[in-house]
2 protein chains.
Amino acid sequence: MAEEKPPLTVVTCTAPVNIAVIKYWGKRDEDLILPINSSLSVTLHQDQLKTTTTAAISRDFKEDRLWLNGKEDDIGHPRLQSCLREMRRLARKRRGGNGSSSSSDPPPLSLACKVHMASENNFPTAAGLASSAAGYACLVYALAKLYGVEGELSEVARQGSGSACRSMFGGFVQWTMGERDDGKDSVAQQVAPETHWPELRVLILVVSAEKKPVGSTAGMQTSVETSRLLKHRAEAVVPERMAQMARHIQRCDFEAFAELTMKDSNQFHATCLDTFPPIFYLNDVSKQVISLVHRFNAHHGKTKVGYTFDAGPNAVLFALEDTVGELVEVIKRSFPPEDNGGPFLKGLPVQGASLSDELLTAVVRDPVPGVIQYLLHTKVRPGAPGVTDDNAESLPLLFTPG
Amino acid sequence: MAEEKPPLTVVTCTAPVNIAVIKYWGKRDEDLILPINSSLSVTLHQDQLKTTTTAAISRDFKEDRLWLNGKEDDIGHPRLQSCLREMRRLARKRRGGNGSSSSSDPPPLSLACKVHMASENNFPTAAGLASSAAGYACLVYALAKLYGVEGELSEVARQGSGSACRSMFGGFVQWTMGERDDGKDSVAQQVAPETHWPELRVLILVVSAEKKPVGSTAGMQTSVETSRLLKHRAEAVVPERMAQMARHIQRCDFEAFAELTMKDSNQFHATCLDTFPPIFYLNDVSKQVISLVHRFNAHHGKTKVGYTFDAGPNAVLFALEDTVGELVEVIKRSFPPEDNGGPFLKGLPVQGASLSDELLTAVVRDPVPGVIQYLLHTKVRPGAPGVTDDNAESLPLLFTPG
């Protein structure tokens with residue numbers, strides 16, 4: 001085969017964050033990232049929360065390199081290596097190799113080249129906003145485009161970060177835990193597209209952008225080792241909740257959807273507390289938000305808002321479009337904003353609402369100023385991760401020589 | 001039978017608080033107060049925490065009356081009525097009646113008389129310090145003395161407040177859940193006397209004397225109705241923990257005792273969080289205490305301190321006598337006392353300790369001043385509730401006419 005100098009090949013992709021309504025917590029295989037239970041999530045719109053990744057291959061690159069949010073990061077991370085290795089294997093396979101690294105054919109040139117990758121979130125990393133899910137989904141998608149790999153990619157994304165597999169689809173997505181030891185059946189699939197339930201809105205209350213005290217990887221490992229309640233949840237509770245949640249979504253039954261979402265969030269945090277030493281992701285502000293939601297629903301005599309919390313204190317609230325105006329006003333009264341240089345409400349516009357005295361008396365108690373940094377109003381995302389056509393989005397760091 | 005004017009008969013008793021190390025949460029029978037799982041507790045010394053109850057009968061009393069902490073209270077409370085009815089039934093039975101209210105014999109005069117009762121705690125009521133346990137244990141004990149009833153009383157105390165049955169004994173006490181529908185086998189018994197483990201010390205960190213947001217009666221009822229994890233805990237986890245805990249106590253194995261105590265406290269609070277709507281008894285200060293204990297143990301490379309929390313934010317710490325000095329110093333450094341008009345350390349004296357720089361660096365982080373009101377240092381109580389010989393302890397309110 002004649003030598004040729006391959007062009008610099010660059011692709012820029014974006015991928016969305018997803019928020020689980022049936023939570024994933026605990027692995028049965030640490031290397032392949034196989035979970036102890038299935039999970040179900042809502043993919044959020046990229047206009048508000050997204051990861052952007054630019055990936056490039058070039059003969060001029062001496063080694064694989066990675067930049068995260070503008071700073072070079074460790075390329076040797078085992079999970080990152082898993083994704084790279086797996087994508088290169090799929091690329092070889094697609095080009096007629098057998099996918100095994102023992103193939104005697106010389107590799108195609110793009111596979112002989114090193115890759116540079118740069119990834120950026122438009123939201124705080126590691127604040128419990130599922131940044132690693134969007135990050136690995138984006139990385140895998142970008143590498144697939146670069147190497148021309150098509151087909152099922154959620155299984156590869158899963159090996160970067162478990163929940164990343166769910167960010168490979170828009171709308172409502174379930175990650176089936178699977179049964180096989182090799183993880184081939186532990187993949188994500190769409191339960192319903194975003195168009196199925198266009199009224200659903202998501203309001204993220206950013207309580208703190210601090211790093212969480214116990215990372216979710218270490219946390220869930222300790223939970224699996226020590227929590228009897230987690231084992232019971234995974235074996236006996238989640239299977240029926242998965243079926244219920246899919247049904248509630250298919251029927252657009254908001255009350256049932258929101259109630260089960262709240263219960264499952266609470267149960268996840270309960271298993272964290274049953275871990276030894278115990279793990280706390282909810283703080284006093286999180287609890288105030290929970291109490292507020294229950295008072296709001298009690299006042300209305302129906303479940304109009306649901307909450308869920310991941311591995312951090314930020315609240316993610318679900319509501320239908322026609323509730324958001326009132327809800328935002330109640331939040332503003334309960335957690336009066338303090339000027340921190342930015343707008344309190346970000347994302348989709350919200351229609352103002354006036355609150356009745358009855359509602360104020362019943363729902364707004366002991367306002368706590370300044371504890372919520374801002375609100376992010378968003379909705380369910382359509383479609384899968386995508387290649388961006390906007391060259392301005394391409395991240396420049398890649399082209400650092402080396 | 002000739003009429004006679006019975007003398008005013010008065011008795012004053014005291015009863016202790018107990019702290020569960022295997023927690024009771026949830027009833028299978030609300031009226032008889034039959035639990036969904038067995039529990040095990042440590043009875044605390046009365047020198048620091050006790051209830052005093054004076055009870056009197058007189059022909060001059062027109063109706064049964066009750067004073068709690070100096071204020072007249074509702075005598076019609078169903079649980080109070082249960083205890084009164086049951087004690088009078090036992091008194092009739094003892095005097096040759098068949099114990100049934102349909103007996104045709106005229107009742108003895110003391111049973112025809114009304115009773116006045118006054119009860120006082122030397123600690124804040126309803127702050128998660130098991131005041132109702134000591135209160136009902138004391139009431140039942142006083143009525144037994146008044147009516148001359150002997151024998152098994154924990155079954156009666158249980159009908160006032162479940163955990164009260166455990167305050168009927170000193171030392172280490174288990175409450176067997178029982179199987180019978182009538183509750184006759186749901187009684188307390190001593191696992192070991194206090195003399196069995198004289199080095200054990202108890203340090204109570206009073207975080208807040210506020211009333212708890214959800215009372216334990218309502219809380220556990222909601223938990224039974226909604227928490228799948230509580231059901232699993234009661235059925236599958238507690239039975240083996242009861243056996244383990246009794247063994248750890250019998251062997252005076254502090255590390256195992258403290259670790260299981262912490263795990264069971266965490267699991268109880270986990271089931272509260274799995275309740276819908278969720279119940280939170282731990283606050284951010286409770287969590288800081290938990291983290292402190294884990295850092296303290298990690299620094300020493302062994303479990304030298306254990307924590308447990310009831311239905312409130314106050315921490316109860318267990319340690320051996322030789323650890324208390326250092327522990328108290330660490331707590332003072334971590335939660336610097338603010339002058340609130342009283343001493344910071346109450347109860348048993350504590351030997352001062354100097355802390356090494358290594359320990360300070362490893363254990364004391366981000367001190368939070370003023371959040372702990374005071375520390376109460378106590379130990380395990382010997383013996384059962386008792387009649388006090390000290391007339392000065394008799395509560396005067398009884399003699400209010402009427």
Side-chain angles (χ1 to χ4, degrees), chain A residues 208 213-214 222-223 226-241 258-298 303 306-307 309 313 365-366 371, chain B residues 208 213-214 222-223 226-241 258-298 303 306-307 309 313 365-366 371:
Chain A
S208 159
V214 179
T222 313
S223 292
T226 62
S227 172
R228 291 282 298 273
L229 300 187
L230 177 63
K231 188 173 154 62
H232 181 69
R233 161 178 164 74
E235 288 171 0
V237 181
V238 171
E240 67 187 56
R241 285 190 173 177
E259 187 168 310
L260 188 53
T261 295
M262 293 188 274
K263 286 180 175 172
D264 206 68
S265 172
N266 294 337
Q267 188 170 84
F268 152 54
H269 291 282
T271 65
C272 290
L273 186 43
D274 189 49
T275 299
F276 193 79
I279 304 168
F280 299 97
Y281 290 123
L282 304 177
N283 65 16
D284 281 355
V285 179
S286 317
K287 290 188 240 168
Q288 286 157 6
V289 172
I290 289 174
S291 300
L292 178 69
V293 168
H294 285 289
R295 287 199 302 273
F296 188 88
N297 289 338
T303 303
Y307 53 76
F309 295 80
R365 291 193 196 148
D366 307 320
V371 292
Chain B
S208 159
V214 179
T222 312
S223 293
T226 62
S227 172
R228 291 282 299 273
L229 300 187
L230 177 63
K231 188 172 152 62
H232 180 69
R233 160 177 165 75
E235 288 171 1
V237 182
V238 171
E240 66 187 56
R241 285 190 173 177
E259 187 168 309
L260 188 53
T261 295
M262 293 187 274
K263 285 180 175 171
D264 206 69
S265 172
N266 293 337
Q267 189 170 85
F268 151 55
H269 291 281
T271 65
C272 289
L273 186 43
D274 188 50
T275 299
F276 193 77
I279 304 168
F280 299 97
Y281 291 123
L282 304 177
N283 64 17
D284 281 354
V285 180
S286 318
K287 288 188 243 167
Q288 287 157 4
V289 172
I290 289 173
S291 300
L292 179 68
V293 169
H294 284 289
R295 286 198 303 271
F296 187 89
N297 290 338
T303 303
Y307 54 76
F309 295 80
R365 292 193 197 148
D366 307 321
V371 292

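Any value given below was found using the heavy atoms of this structure, including those in side chains, with hydrogens, waters and symmetry copies removed. Order of the sequence lines sets the chain letters (A, B, ...), proteins ahead of strands, with each chain counted from 1.
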[X] versus chain A, the contacting section by heavy-atom distance below 4.5 Å:
| X | answer |
| --- | --- |
| B:Ile290 | side chain |
| B:His294 | side chain |
| B:Ser291 | neither |

Among [options], which residue forms the greatest number of heavy-atom pairs with chain B at distances under 4.5 Å?
| options | value |
| --- | --- |
| A:Arg233, A:His269, A:Lys263 | A:Lys263 |
| A:Ala236, A:Ser227, A:Ala270 | A:Ala270 |
| A:Thr226, A:Asp284, A:Val293 | A:Asp284 |

**OP:** Report, as yes or no, whether the 6.0 Å neighbourhood of atom NZ on A:Lys231 holds more than 12 heavy atoms from other residues, nucleotides or ligands.
**Re:**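 Check fails, neighbour count at 12 or below.
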Taking every non-hydrogen atom, the tightest pair across [X] and [Y]:
| X | Y | value |
| --- | --- | --- |
| A:Thr271 | B:Leu229 | CG2-CD1, 4.4 Å |
| A:Pro239 | A:Ala234 | CD-O, 3.5 Å |
| B:Arg228 | B:Asp274 | N-OD2, 3.3 Å |

**OP:** Would you mind reporting whether A:Glu235 and B:His232 have side-chain heavy atoms less than 4.5 Å apart?
**Re:**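 Side chain of B:His232 against side chain of A:Glu235, heavy atoms only: no contact under 4.5 Å found.
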Counting heavy-atom pairs under 4.5 Å to chain A, which of [options] comes out on top?
| options | value |
| --- | --- |
| B:Asp264, B:Leu273, B:Leu282 | B:Leu273 |
| B:Ser265, B:Pro278, B:Cys272 | B:Pro278 |
| B:Asn297, B:Thr275, B:Asn266 | B:Asn266 |

**OP:** Measure the CZ-CD distance between A:Arg295 and A:Gln288 for me, rounded to the nearest 0.5 Å.
**Re:**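 Answer rounded to 0.5 Å: 9.0 Å.
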Subject >> Donor-acceptor side-chain pairing of A:Asn283 and A:Ser286 below 3.5 angstrom >> reply: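 Distance-only check passes for A:Asn283 and A:Ser286.
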